[in-house]
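This chain uses plain numbering: 1 for the first residue, then up along the sequence. These numbers come from a predicted model, not from an experiment.
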Amino acid sequence: MTATVASHRKPRQHPLASLTGGSRSARTARTAATLALAGAATATTFDGTGQAAPPPTPAQVKGRVDALYQEAEVATQNYNGAKEAADSAREELSRLQDEAARRTSKLNAARAELGTMAASQYRSGGVDPTVRLMLSADPQRYLDGAAVLERTGSHQAAAVAGYARRLGSVRQVQQQAAETARRMTAGQATAKKHRVTVVRKLDAAEQLLSRLTAEQRQRMAGRDPSRNGGGAGRASRGADRGDGLLGGIPTGSAAAAQAPGSRAARAVAFAYAALGKPYVWGATGPSAYDCSGLTQAAWRSGGVALPRTTYTQINAGPRIDRSQLAPGDLVFFYSGISHVGLYVGDGKMIHAPHPGAPVRLAPIDQMPFAGATRPA
């Protein structure tokens with residue numbers, strides 16, 4: 001009976017079996033599973049479903065780079081506006097601080113005058129008037145002095161009132177200065193935020209362009225007239241010679257002659273002189289420009305002060321219909337009014353396009369037209 005029971009028992013595994021021979025089947029199973037997974041992964045790779053995405057084509061790169069440049073230009077105009085506001089607040093703060101210093105100086109003088117009056121009153125009023133009269137060596141002189149002091153009371157009251165007014169004005173200027181300082185700080189913070197956005201967008205565009213070969217980048221530039229420097233260079237040379245037309249492109253002298261006024265003519269001449277200068281976001285010249293910096297500088301040469309950004313320049317004069325454009329008019333693009341150029345005639349403008357593209361001539365129909373203004 002005992003032998004029968006023993007014959008049906010499961011053999012006991014040696015304590016070391018799990019570390020040696022007893023686990024061979026498990027290890028074999030795991031190895032098989034690993035090989036199966038590896039085989040599946042290899043098969044996936046071979047059939048193409050696990051391959052990395054193909055690199056973008058030059059056309060795709062161009063589209064994305066153009067979009068990034070447009071987004072960077074929006075941020076650039078926001079930066080320009082915030083910086084202009086911060087700079088204006090800084091100038092106002094400096095003026096208010098100077099004004100507060102002047103008023104405080106007058107306040108201190110008024111305070112000193114009141115102190116002198118108070119000390120004099122204390123010295124003269126510390127003794128009863130009757131006693132002072134009895135002790136006075138010259139009673140008539142004392143009486144005359146008392147009359148003067150009585151009349152002086154009105155002057156003292158005026159001095160006190162003047163001090164109070166000066167104190168109030170100093171506090172008012174100080175409050176204005178504090179508010180202006182807060183506005184300046186807020187403008188600086190906003191400008192910094194937009195600056196980060198601009199740099200990030202431009203870095204992304206540069207990374208995309210770095211994936212292309214030099215030949216691909218050249219072909220991409222050649223397909224976009226705004227990035228072809230040949231026309232700008234030819235026009236610049238023609239403008240230097242004073243020719244009327246060069247290859248169908250109006251030069252500086254011809255375009256200026258067609259301008260509706262002397263100020264517009266000077267603005268056009270300035271823009272032609274700027275051809276070939278680099279685009280630098282936030283720049284207003286004289287060695288580099290962004291789009292609104294160029295138009296602002298051009299019209300400044302004509303004696304007209306334009307605001308800094310595209311959003312404000314579009315309101316710097318009456319709106320002009322596209323069919324009525326004349327040299328010197330400002331032409332704006334995109335629904336957000338984020339780009340501006342200076343019209344020079346024959347359907348062309350001079351503008352600062354984007355990083356890597358210098359100031360150049362370009363047709364106005366290469367971007368979505370948003371409106372035009374004739375600065376006044």
[X] side chain near [Y] side chain, heavy-atom distance below 4.5 Å:
| X | Y | value |
| --- | --- | --- |
| Val61 | Leu212 | yes |
| Arg166 | Arg171 | no |
| Phe369 | Val331 | yes |
| Gln77 | Ser292 | yes |

Quiz item: What's the verdict on side chain to side chain donor-acceptor pair (under 3.5 Å) for Gln313 and Thr373, showing C-alpha distance, side-chain angles and the deciding distance?
Solution: CA-CA 8 Å; Gln313 286 184 6; Thr373 295; over 6 Å; no
How close do [X] and [Y] get, heavy atom to heavy atom, and via which atoms?
| X | Y | result |
| --- | --- | --- |
| Val344 | Ala255 | O-CB, 3.3 Å |
| Tyr311 | Val74 | OH-O, 3.4 Å |
| Leu306 | Pro375 | CD2-CB, 3.9 Å |
| Ala274 | Leu294 | CB-CD1, 3.9 Å |
| Ala297 | Tyr289 | CB-CE2, 3.7 Å |
| Ala72 | Lys201 | CB-CB, 3.8 Å |

What's the separation between atom [atom1] in [X] and atom [atom2] in [Y], rounded to the nearest 0.5 Å?
| X | Y | atom1 | atom2 | value |
| --- | --- | --- | --- | --- |
| Thr310 | Tyr334 | OG1 | OH | 12.0 Å |
| Ser88 | Leu93 | OG | CG | 11.0 Å |
| Glu92 | Leu96 | CD | CG | 4.5 Å |

Quiz item: Using 4.0 Å as the upper bound for N to carboxylate O, is an ion pair formed by Arg95 and Asp98?
Solution: no
Does either side chain, that of [X] or that of [Y], offer a donor lying less than 3.5 Å from an acceptor on the other one?
| X | Y | result |
| --- | --- | --- |
| Gln70 | Ser338 | yes |
| Thr312 | Thr309 | yes |
| Thr284 | Gln296 | no |

Quiz item: Name the one of Asp346, Ile350, Leu342, Val268 that satisfies side chain to side chain contact (heavy atoms under 4.5 Å, CB included) with Pro327?
Solution: Val268
Quiz item: Between Glu71 and Arg200, is a salt bridge (charged side-chain N to carboxylate O under 4.0 Å, His left out) present by the stated rule, with each step listed?
Solution: CA-CA 10 Å; Glu71 292 165 6; Arg200 188 173 66 248; over 6 Å; no
Counting distance only, does the side-chain N/O of [X] pair as donor-acceptor with the main-chain N or O of [Y] below 3.5 Å?
| X | Y | answer |
| --- | --- | --- |
| Asp329 | Arg374 | no |
| Ser210 | Gln207 | yes |
| Gln324 | Asp321 | no |
| Tyr69 | Glu73 | no |
| Arg90 | Ala181 | no |

Practice problem: Following the transitive rule for hydrophobic clusters with a side-chain heavy-atom cut-off under 4.5 Å over Ile, Leu, Val, Met, Phe, Trp and Tyr, establish whether Val340 and Leu325 coincide in one cluster. | Solution: no
Quiz prompt | Whether His339 and Phe333 hold their rings parallel, tilted or perpendicular, with breakpoints at 30° and 60° | solution = tilted
Quiz item: His194 and Tyr79: ring-ring contact (aromatic ring centres under 6.0 Å, His included), yes or no, with the steps?
Solution: CA-CA 5 Å; His194 291 307; Tyr79 167 83; 8.0 Å; no
Exercise. Check step by step if side-chain contact (heavy atoms from CB on, under 4.5 Å) holds for Val359 and Tyr279.
Key: CA-CA 7 Å; Val359 175; Tyr279 175 101; over 6 Å; no
Practice problem: Begin with the C-alpha distance, continue with both residues' side-chain angles, and end with the deciding distance and a verdict on side-chain contact (heavy atoms from CB on, under 4.5 Å) for Ile314 and Arg319. | Solution: CA-CA 8 Å; Ile314 197 171; Arg319 297 293 179 90; 3.8 Å; yes
Practice problem: Would you check if the distance from the ring center of Phe270 to the ring center of Trp299 is below 6.0 Å? | Solution: no
Quiz item: Has Arg195 got more than 12 heavy atoms of other residues, nucleotides or ligands less than 6.0 Å from its CZ?
Solution: no
